[in-house]
Amino acid sequence: MNDTILQVKDLNVTFAAGRSIVHAVSDICFSIQKGETFALVGESGCGKSTTARAIMRLIRDPGKINSGEILFEGRDLLGMRENEIASVRGKSIGMIFQNPLDSLNPVYTIGGQISEGLVIDKMEKKAAWRTAARVLRDVQIPDSDRRIKAYPYEISGGMRQRVMIGMMLCRNPKLLIADEPTTALDVTIQAGIIELMNSLRQAHDTSILLITHDFGVVADIADRVGVMYAGEIVELGEVFAIFDRPMHPYTQLLMKALPTITKNEGRLTTIHGSVPNLTEAALGCRFADRCPDAADACRTTHPVLHELEEGHYCSCLKAQVK
Amino acid sequence: MEETLVNLEHVRKYFTVGKSFLKRNRASVKAIDDVSLQIRSGETLGLVGESGSGKTTLSKIILGLLPPDSGKILIGGNPLYAGEKTVRSAAGAVFQDPASSLNPRATVYESLNRPLIVNGCSTDEARKLILEFTEKVNIGQEVLSRFPYELSGGQQQRVSIARAIMLHPKLIVLDEPTSALDVSVQAQILNVLLDLQQEFGLTYLFITHNLSVVRYMSDRICVMYGGKIMEVGETEEIYSSYRNPYTMSLLSSMPPLHPKDRSRKKYLLSGDVPSLINVGVGCRFCARCRFAKERCGQEPPELRDIGGGHLVACHYAGSEELHL
Amino acid sequence: MRIREKLRLILKNPMFVLGFIMFGLVIAAAILAPVIARHGYAEMDIGKKLMSPCGEYPLGTDEYGRCIFCRVIYGSRIALTVGLLAVVIETVIGVTLGILSGYYGRKTDSVIMFLTDMIWSIPPIILAMAIVMLMGPSAQNVAIAIALVTWAQFTKIVRAKVQAMRGLSYIEAAHVYGERNSQIILRYILPNLTSTIIILASLALPSAILSTTSMGFLGLGAQEPLPDWGMILSGGIQYIKKASWISIYPGLAIVWTVLGFNLSAEGLKELLDPRLKV
């Protein structure tokens with residue numbers, strides 16, 4: 001499809017840890033269309049952040065991208081040389097991180113950092129500075145004429161995140177990768193950031209890859225969702241389908257573990273056991289030890305994503321049987 | 001019959017900023033300003049607020065860690081502070097970061113043993129209590145000889161809970177106990193907390209910014225902003241019939257439970273978190289309140305009871321002029 | 001159990017093993033000096049003066065016919081005891097003040113920091129010289145002088161660490177369940193400072209040894225005929241062309257000792273950290 005901005009095929013990322021190897025991401029496949037928001041959701045250690053970094057080729061020793069393809073507008077990002085990928089980063093693919101204090105350079109002014117990217121894009125310095133001022137207004141930073149000369153530590157976390165978003169979006173990237181963009185923020189600030197991301201996306205038709213553990217944020221802006229567990233995508237589909245008809249036992253249990261009720265209505269469902277050790281290669285389904293429905297076949301056959309209804313994929317063997 | 005366990009009356013705590021040898025001309029951060037609150041025995045009071053709301057400072061005051069500048073604090077009818085000194089603290093505490101809640105150089109057993117010994121238990125009594133409570137929080141005996149770094153976040157937090165509860169305190173203050181945990185682990189912890197509360201008749205002050213969690217766990221909710229209480233009431237009453245504009249903003253900012261709710265009306269706040277140094281005369285929220293009128297900037301609103309234990313601090317709460 | 005397993009792991013680190021052996025030999029030399037050295041360190045034989053290394057005098061002799069080898073071996077005792085003495089005094093003063101300053105804050109902090117900054121701003125050699133000249137030149141006095149001059153860096157670093165620790169939840173929890181301040185310092189703060197203290201001490205020991213040898217070079221250390229390495233080195237400078245061995249070997253001994261200690265200190269730190277996963 002010509003509208004596919006990003007296509008990830010059979011991506012494998014490992015980390016060396018002493019003598020063993022941790023399979024952080026195993027054979028994942030997904031694609032993102034133009035203008036859509038795709039959410040990769042899962043708990044800690046599932047590999048979602050690693051995937052985001054792999055796309056930006058930010059995986060360093062002891063991590064390694066072992067195999068797979070990452071096609072951005074048809075070009076394979078994994079085959080590029082370092083200077084080629086550097087020109088893609090920031091310009092065509094933007095990334096915002098969880099903790100905005102760490103992502104902004106503390107010794108440069110906000111205006112300086114925003115205009116830096118524009119100057120790299122061959123904009124003249126004065127024009128870049130004017131654009132930076134406009135960006136601050138677009139992301140609704142109050143008192144922007146004064147704040148443009150401010151340093152990161154002088155503004156709040158919510159504002160820093162807005163600056164990051166502005167910085168990334170002013171270069172009109174086709175894809176924005178947002179890694180837990182609202183986790184460190186207050187609820188009211190979070191709502192503002194999500195609204196901002198939505199409106200800017202609509203204005204520029206930017207695609208968003210959203211990495212999060214928060215199903216609320218997914219429900220708020222995602223178009224399609226990939227649920228990750230132990231380095232694999234176990235379920236993939238449109239957001240309404242995932243919320244209305246979760247098919248994988250992990251997705252189902254996870255949704256029941258969310259506090260959507262009051263305590264008088266019952267206890268939350270828990271998932272017993274813990275995340276498997278990713279240093280061992282997967283024999284059967286990685287969720288089998290914790291799955292209430294696990295059969296013998298689940299422990300010996302490694303399940304793969306199958307399309308169970310239109311656009312809705314699940315890798316559970318039992319779900320495929322039904 | 002519900003008796004009041006914790007009673008705060010007109011508590012105030014300011015922090016001075018900057019170093020100067022002259023006591024005057026020093027700006028002060030008005031972290032808590034004229035806060036009055038009651039916590040009933042056996043209930044879970046959810047304390048909700050964002051950065052700068054004062055909830056962390058309030059929790060430290062209630063825990064006996066920070067004497068207030070003025071106001072009364074009674075726990076079980078007894079004053080918590082005598083001047084600058086803390087009279088025996090009657091609370092237990094569970095903190096946000098599981099990893100830094102336990103001494104990295106002590107085994108789990110030693111971390112659980114120490115509070116008991118400090119409070120007069122003999123070695124044998126302590127051992128019995130430790131074995132009993134670790135079972136209640138689903139920590140196996142093999143974990144007792146391990147160090148904190150060997151435990152998962154969920155396990156560390158359960159050890160903290162056992163430590164807090166073992167001394168049978170009257171009140172447990174939980175400061176964002178599940179914010180650093182995964183969803184599935186959070187569910188385990190919340191279940192454990194509820195089971196323990198039922199078994200021992202505990203009273204919880206549950207501080208969090210997660211609105212789904214606070215709705216699940218709390219009997220009553222208290223909303224704070226800029227060092228003051230905005231609204232207090234039964235949980236469902238607050239969620240369905242809030243009367244304070246800040247509460248309205250807060251609840252509408254909550255991420256939806258289902259994508260079909262994503263187009264709900266959101267009352268977003270412009271501007272930034274309030275400065276606690278340059279505090280105006282009137283309501284703390286008026287600078288960002290869409291319903292603010294002249295009176296709001298001149299006169300601070302009192303916390304009034306509008307019926308059924310529902311307290312609101314807003315001049316126009318329940319009036320025709322406020323379209324919530 | 002854990003210690004045994006960690007020891008096995010550490011012994012696999014070649015740097016640590018090398019350092020351990022090197023430093024171990026220095027300690028062995030200090031202990032077994034009377035056995036290893038054939039002559040006393042003060043034993044003179046003018047007839048045999050300025051002899052180059054040979055069978056009887058493996059490292060040659062100095063201008064008084066004293067065996068350099070024996071003097072270097074016995075000198076290890078001075079270097080080690082003075083170095084260790086300096087480090088112990090320095091650590092005790094520096095860590096104590098750092099903990100008090102960082103934990104109690106406010107006035108205590110202001111006073112201690114003022115004192116620290118004052119000491120910090122005086123050139124160490126000058127201050128040390130002044131102290132030794134006041135107390136009289138000897139190995140112990142050099143150790144004390146060095147310690148009194150260098151504790152400031154311990155204090156600053158320990159203070160910063162303690163300030164960071166003060167806000168951690170397990171310290172707050174301890175306050176909540178009733179621990180007194182003295183207990184909190186002894187049971188919670190101090191054990192969590194051991195890594196830092198070892199690192200600081202391991203930096204301080206070679207620096208102390210070097211300082212004592214500098215002081216010896218200036219004639220302020222152990223007096224003749226005690227075989228202070230620095231003294232031997234400085235005394236041999238005038239003979240550097242004719243009898244270079246007089247200065248070279250004590251110099252090498254200094255380098256050997258400092259290097260050995262530094263290599264093994266890293267391993268020691270890892271041994272004591274419970275976070276090292278086996």
Side-chain angles (χ1 to χ4, degrees), chain A residues 42-46 140-143 155-159 182-183 185-192 194-196 198 213-223 225 238-240 242-244 250 253-265 267-275 290, chain B residues 44 48-53 152-155 178-195 197 209-219 235-236 239 246 249-264 266-273 288:
Chain A
E43 297 182 297
S44 47
C46 69
Q140 287 138 40
I141 301 266
D143 212 2
I155 58 175
S156 70
M159 280 207 260
T182 56
T183 303
L185 304 173
D186 283 328
V187 168
T188 53
I189 311 279
Q190 180 173 312
I194 291 184
E195 273 307 293
L196 178 67
N198 240 350
H213 66 273
D214 188 343
F215 272 94
V217 174
V218 173
D220 223 351
I221 54 170
D223 297 311
V225 183
E238 307 231 336
V239 65
F240 278 89
I242 299 278
F243 273 83
D244 287 331
Y250 176 65
L253 287 172
L254 205 55
M255 295 200 146
K256 289 207 206 113
L258 295 170
T260 53
I261 49 174
T262 66
K263 61 185 171 188
N264 304 314
E265 294 167 40
R267 288 278 193 271
L268 300 172
T269 311
T270 57
I271 310 177
H272 83 268
S274 54
V275 183
R290 307 174 77 187
Chain B
T44 300
V48 178
E50 300 182 299
S51 317
S53 60
S152 71
Q155 284 174 314
T178 57
S179 300
L181 303 173
D182 281 326
V183 168
S184 54
V185 179
Q186 171 176 275
Q188 283 173 2
I189 299 291
L190 295 180
N191 284 352
V192 164
L193 287 171
L194 287 174
D195 290 336
Q197 184 175 37
H209 62 267
N210 186 322
L211 296 167
S212 317
V213 169
V214 81
R215 183 183 197 174
Y216 176 66
M217 292 292 289
S218 316
D219 299 303
T235 306
E236 280 318 298
Y239 272 82
Y246 174 66
S249 245
L250 196 64
L251 291 178
S252 73
S253 302
M254 204 167 108
L257 300 171
H258 190 281
K260 68 178 184 317
D261 297 323
R262 61 170 56 165
S263 46
R264 77 207 179 283
K266 288 190 215 180
Y267 297 96
L268 297 174
L269 294 177
S270 59
D272 211 3
V273 276
R288 301 167 89 190

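Every chain is numbered from 1, with letters handed out A, B, ... down the list of sequences.
Of the residues considered (B:Ser212, B:Pro256, B:Ser263), B:Pro256 shows the highest number of contacts with chain A, using heavy-atom pairs under 4.5 Å. When the candidates B:Thr44, B:Asp195, B:Val185 are compared by the number of heavy-atom contacts under 4.5 Å with chain A, B:Asp195 comes out ahead. Note on B:Met254, B:Arg262, B:Glu236, B:His258: by heavy-atom pairs under 4.5 Å with chain A, the leading option is B:Arg262. Contact count versus chain B (heavy atoms, under 4.5 Å) is highest, among A:Ile155, A:Thr262, A:Thr270, for A:Thr262. The candidate from A:Met159, A:Gln140, A:Gln190 with the greatest count of non-hydrogen atom pairs under 4.5 Å with chain B is A:Met159. Contacts with chain A were tallied for B:Thr235, B:Leu190, B:Asp219; B:Asp219 has the most, counting heavy-atom pairs under 4.5 Å. Of all the listed residues (A:Pro142, A:Ser44, A:Gly192, A:Gly42), the one sharing the greatest number of non-hydrogen pairs under 4.5 Å with chain B is A:Ser44. Of the residues considered (A:Ala219, A:Ala191, A:Ala222), A:Ala219 shows the highest number of contacts with chain B, using heavy-atom pairs under 4.5 Å. With respect to chain A, the highest number of heavy-atom pairs below 4.5 Å among B:Gln186, B:Met217, B:His209 belongs to B:Met217.
B:Ser184 and A:Glu43 share a side-chain donor-acceptor pair at under 3.5 Å.
Within the 4.5 angstrom heavy-atom criterion, no atom of A:Ser274 approaches chain B. Contacts between A:Met255 and chain B at a heavy-atom distance below 4.5 Å are absent for every atom of the residue. Of the atoms belonging to A:Ile221, it is backbone heavy atoms, and not side-chain ones, that fall under 4.5 Å from chain B. In this structure, no portion of B:Asp261 lies under 4.5 Å from any heavy atom of chain A. Neither the backbone nor the side chain of B:Gln155 comes within less than 4.5 Å of any heavy atom in chain A. Using a 4.5 Å cut-off between heavy atoms, B:Leu250 touches chain A through backbone and side chain atoms alike. Contact annotation for B:Leu181: neither backbone nor side-chain heavy atoms come within less than 4.5 Å of a heavy atom of chain A.
Taking both residues in full, the closest heavy atoms of B:Lys260 and A:Phe240 are given as N-CE2, 3.7 Å, listed atom of the first, atom of the second, then distance. Closest heavy-atom contact between B:Gln188 and A:Ile271: NE2-O, 3.7 Å.
One finds the CD1 atom of A:Ile189 at 10.0 Å from the CG atom of B:Leu268 (value rounded to the nearest 0.5 Å). If you take CG on B:Leu194 and CG on A:Asn264, they are separated by 9.5 Å, rounding to the nearest 0.5 Å.
The backbone N or O of B:Pro255 sits nowhere less than 3.5 Å from a side-chain atom of A:Asp220 that would complete a donor-acceptor pair. No side-chain donor-acceptor contact under 3.5 Å links B:Arg215 to the backbone of A:Pro259. Checking side-chain atoms of B:Glu50 against main-chain N and O of A:Val187 turns up a donor-acceptor pair under 3.5 Å.
The neighbour count for A:Glu238 CD, taken as heavy atoms of other residues, nucleotides or ligands under 6.0 Å away, does not exceed 12.
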